[in-house]
Amino acid sequence: MPELPEVEVVKRSLKNNIINLNIKKVTINTNKLRYKINKSKFNKIKDIKILDIKRRSKYLLIKLEKNITILAHLGMTGKFFILDKTGTRKKTSFYYRLNNNDKKHNHLIFNLNKGKKLIYNDVRKFGFIKIIASKNISTHPHLKFLGPEPLLKQFNIKYIQNYIQNKNRNIKDILMDQKFVSGLGNIYVNEILFLSKIKPNKRTKNLNIGEMKKIIYFTKSILKKSIKEGGSSIKDFNDSEGKQGVFQQQFNVYGREGEKCTTGKCDKVIKKMVISQRATFFCKSCQK
DNA sequence: TTCTTTGTTCCGGA
DNA sequence: GTCCGGAACAAAGA
């Protein structure tokens with residue numbers, strides 16, 4: 001369930017660990033992830049240096065020399081981790097929920113110089129990795145229609161007002177729509193609407209300015225907080241020793257069906273229902 | 001065996 | 001043509 005903050009955390013970790021290394025060889029252990037893997041394209045990235053790592057929405061962009069970019073999406077359970085030359089997993093923050101012995105789901109292995117390996121592991125294979133031309137990134141089908149990054153200034157009141165004009169959708173649906181704003185998933189949208197005190201099935205035409213302001217404020221603040229904490233939408237975040245992380249405890253509504261409302265001013269219980277095809281948690285009393 | 005989980009895409013009806 | 005909601009899809013664990 002990596003959403004924007006988790007992908008950002010992975011990006012930063014990779015940036016600290018593999019930039020300026022060369023790709024020596026790529027071992028591919030599966031025919032397809034979300035999409036069929038084009039093995040011949042991966043064969044062409046031998047002896048090419050990793051220049052930079054970027055993020056757009058929930059996509060990772062590993063920029064290589066020679067106008068090549070590795071485009072990766074983690075899907076539900078995709079993760080990257082790094083092994084050093086002794087085969088020890090590097091102590092970085094981005095390999096949650098990973099069993100050391102789980103070689104079965106190590107689908108791609110990038111052998112780098114200095115004996116390092118970058119491994120893509122994905123239990124459910126809903127993620128994907130593609131090789132694309134760097135110069136075509138903004139027009140690539142996966143990226144072309146993405147809405148603004150929620151942490152940038154383009155995500156503001158005027159933008160929201162303009163976008164929802166003449167639309168009759170519920171606010172949860174539109175926040176999860178990557179064309180409207182890119183990078184939010186089910187978990188963060190549940191949290192944003194709880195903090196904004198707006199019911200998830202509220203029609204966007206019934207939102208007032210104050211509510212839009214709250215959505216913007218809490219979207220930005222919760223994403224920033226989560227990035228700072230190292231990514232929190234992972235249910236069972238483990239550190240390198242396998243100890244459970246503290247972050248999964250910090251959701252206010254997600255996964256809290258039947259528990260007392262966490263505002264502290266309300267004695268009602270968190271309800272769960274399906275809205276926009278996804279598990280939706282909310283407080284009937286606090287969210288209007 | 002069925003249900004659940006996710007982001008993304010596609011399709012039918014209005 | 002456009003908008004909206006629902007279904008489908010991927011894989012695996014409970």
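Owing to the predicted nature of the structure, the values given are computational and were not obtained by experimental measurement. We use all heavy atoms of the structure for the numbers below, so side chains are in, but hydrogens, waters and symmetry mates are not. The sequence lines fix the lettering, A, B, ..., with proteins before strands; numbering per chain opens at 1.
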Rounded distance (Å) that lies between atom [atom2] of [N] and atom [atom1] of [X]:
| X | N | atom1 | atom2 | answer |
| --- | --- | --- | --- | --- |
| A:Y188 | B:dT6 | OH | P | 13 Å |
| A:H142 | B:dT8 | NE2 | P | 9 Å |
| A:R124 | B:dT5 | CZ | C1' | 6 Å |
| A:N121 | C:dA11 | CG | C1' | 13 Å |
| A:F145 | B:dT9 | CZ | P | 10 Å |
| A:K179 | B:dC10 | NZ | C1' | 11 Å |
| A:R34 | B:dT8 | CZ | P | 8 Å |
| A:D122 | C:dG13 | CG | C1' | 15 Å |

If I take atom [atom1] from residue [X] and atom [atom2] from residue [Y], how far apart are they, to the nearest 0.5 angstrom?
| X | Y | atom1 | atom2 | result |
| --- | --- | --- | --- | --- |
| A:K214 | A:T219 | NZ | OG1 | 13.0 Å |
| A:N106 | A:T30 | CG | OG1 | 11.5 Å |
| A:L195 | A:Q287 | CG | CD | 9.0 Å |

inquiry  = Check this one for me: any side-chain N or O of A:Y254 less than 4.0 Å away from OP1 or OP2 of B:dT5?
reply    = no

So does A:Y59 get a side-chain nitrogen or oxygen closer than 4.0 Å to the phosphate oxygens (OP1/OP2) of B:dT8?
yes

Does [X] reach a base, just sugar-phosphate, or nothing at all? Heavy atoms under 4.0 Å.
| X | value |
| --- | --- |
| A:K172 | nothing |
| A:F128 | nothing |
| A:N186 | sugar-phosphate |

Per atom distances to the A:K58 side chain, the nearest of B:dG7, B:dT5, C:dA11 is B:dG7

Looking only at B:dT5, B:dT8, C:dA12, the nucleotide nearest the A:V123 side chain is C:dA12

side-chain contact (heavy atoms from CB on, under 4.5 Å) filter on A:K202, not counting sequence neighbours, yields A:I171, A:I198, A:K199, A:N206, A:L207, A:E211

**Prompt:** Does some side-chain heavy atom of A:K15 sit less than 4.5 Å from a side-chain heavy atom of A:D52?
**Reply:** yes

Task: Side-chain heavy-atom pair A:F155, A:I160 within 4.5 angstrom cut-off - done: yes

For nucleotides 2-8 of chain C, 5' to 3', base contacts (B), sugar-phosphate-only contacts (S) and non-contacts (-) with protein non-hydrogen atoms under 4.0 Å give --SSBB-

Given a cutoff of under 4.5 Å between side-chain heavy atoms of I, L, V, M, F, W and Y, with clusters grown through shared members, what are the other residues clustered with [X]?
| X | result |
| --- | --- |
| A:L51 | none |
| A:L146 | A:Y35, A:Y59, A:L61, A:L71, A:F128, A:I132, A:I137, A:L143 |
| A:I275 | A:M273, A:F282 |

With a distance cut-off below 6.0 Å to the six-membered ring centre and an angular limit of 45° from the axis, does A:K213 pair with A:Y217 as a cation-pi contact?
-> no

What's touching nucleotides 12-14 of chain B from the protein side, N or O pairs under 3.5 Å?
none

